[in-house]
Amino acid sequence: EQALESIPDSPVMLNNAGLACLLIGQTTDAEKYIRKALEIDAEFSQANINLGDVLYTTDRTQEAIETYKNIPFFDLMHPQSEKRLRYKIV
C-alpha cells in the first residue's frame, strides 16, 4: 500500500496490488485494484489476464471469457495466455 500511495495512478502498481490480493484470496480487493489499472490503461494485457482470473475464481466464467478477449491478439499467441484460455473455457 505504501508503493500505491507514492504512485497511485500507476497501472503496473495497481495490477500488482490486485495480483497480490488475488493470491491471498482477497478477490474483492483484487478486482478493485485491477479494474482501476484497466481504467488507466485498458490495453494492459497482464491486467486483463489477472481480471479474467479474478472473475473465473469468483464463478463469473462468461465475464472472464469476455475479459480474456480484451487481450491484444499478439499476446494471445503467448503460451501462457493460450493455456489460460484453453483451461478456463473447456
Side-chain angles (χ1 to χ4, degrees):
E1 288 188 17
Q2 286 180 329
L4 279 174
E5 289 175 10
S6 64
I7 314 172
D9 293 329
S10 167
V12 172
M13 296 298 289
L14 289 162
N15 179 63
N16 289 346
L19 179 58
C21 289
L22 176 60
L23 293 174
I24 61 172
Q26 296 177 351
T27 55
T28 301
D29 288 337
E31 184 172 352
K32 176 185 74 171
Y33 286 124
I34 296 167
R35 285 193 186 277
K36 187 167 182 183
L38 288 168
E39 286 174 14
I40 297 166
D41 182 359
E43 295 182 8
F44 185 9
S45 299
Q46 192 59 52
N48 276 296
I49 291 169
N50 291 341
L51 179 58
D53 290 351
V54 169
L55 296 169
Y56 183 78
T57 299
T58 56
D59 297 321
R60 294 180 280 169
T61 306
Q62 191 58 47
E63 193 177 349
I65 291 168
E66 293 304 314
T67 300
Y68 291 132
K69 289 179 182 178
N70 289 331
I71 302 166
F73 178 74
F74 66 87
D75 282 348
L76 287 175
M77 297 294 100
H78 188 280
Q80 181 182 6
S81 299
E82 182 183 346
K83 181 179 176 182
R84 264 192 171 87
L85 282 169
R86 198 172 333 127
Y87 173 76
K88 309 265 187 201
I89 293 172
V90 174

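All residue numbers in this chain count up from 1 along the given sequence. Just so you know, these numbers use all the heavy atoms, side chains as well, and skip hydrogens, waters and symmetry mates. All of these numbers come straight from a predicted model, not from anything done at the bench.
Proximity of Gln46 to Val12: side-chain heavy atoms (C-beta onward) are nowhere separated by under 4.5 Å. Contact check for Asp53 versus Tyr68: side-chain heavy atoms found under the 4.5 Å cut-off.
Here the straight-line distance linking atom CD1 of Ile24 with atom CG of Leu19 works out to 10.5 Å at 0.5 Å rounding. To the nearest 0.5 angstrom, Ile34 atom CD1 is 8.5 Å from Cys21 atom SG. To the nearest 0.5 angstrom, Ile49 atom CD1 is 9.5 Å from Phe44 atom CZ. A distance of 9.0 Å separates OG1 in Thr61 from CG in Leu55, rounded to the nearest 0.5 Å. To the nearest 0.5 angstrom, Asn15 atom CG is 4.5 Å from Asn50 atom CG. Here the CG-CG distance, from Asp41 to Asn48, works out to 9.0 Å after rounding to the nearest 0.5 Å.
The two residues Ala64 and Gly52 make their nearest non-hydrogen contact at CB-O, 3.4 Å. For the pair Pro11 and Ala37, the tightest heavy-atom approach, listed with the atom from each and the gap, is O-CB, 3.4 Å.
Checked against salt bridge (Lys or Arg N to Asp or Glu O under 4.0 Å), Glu63 has the following partners two or more places apart in sequence or in another chain: Arg35, Arg60.
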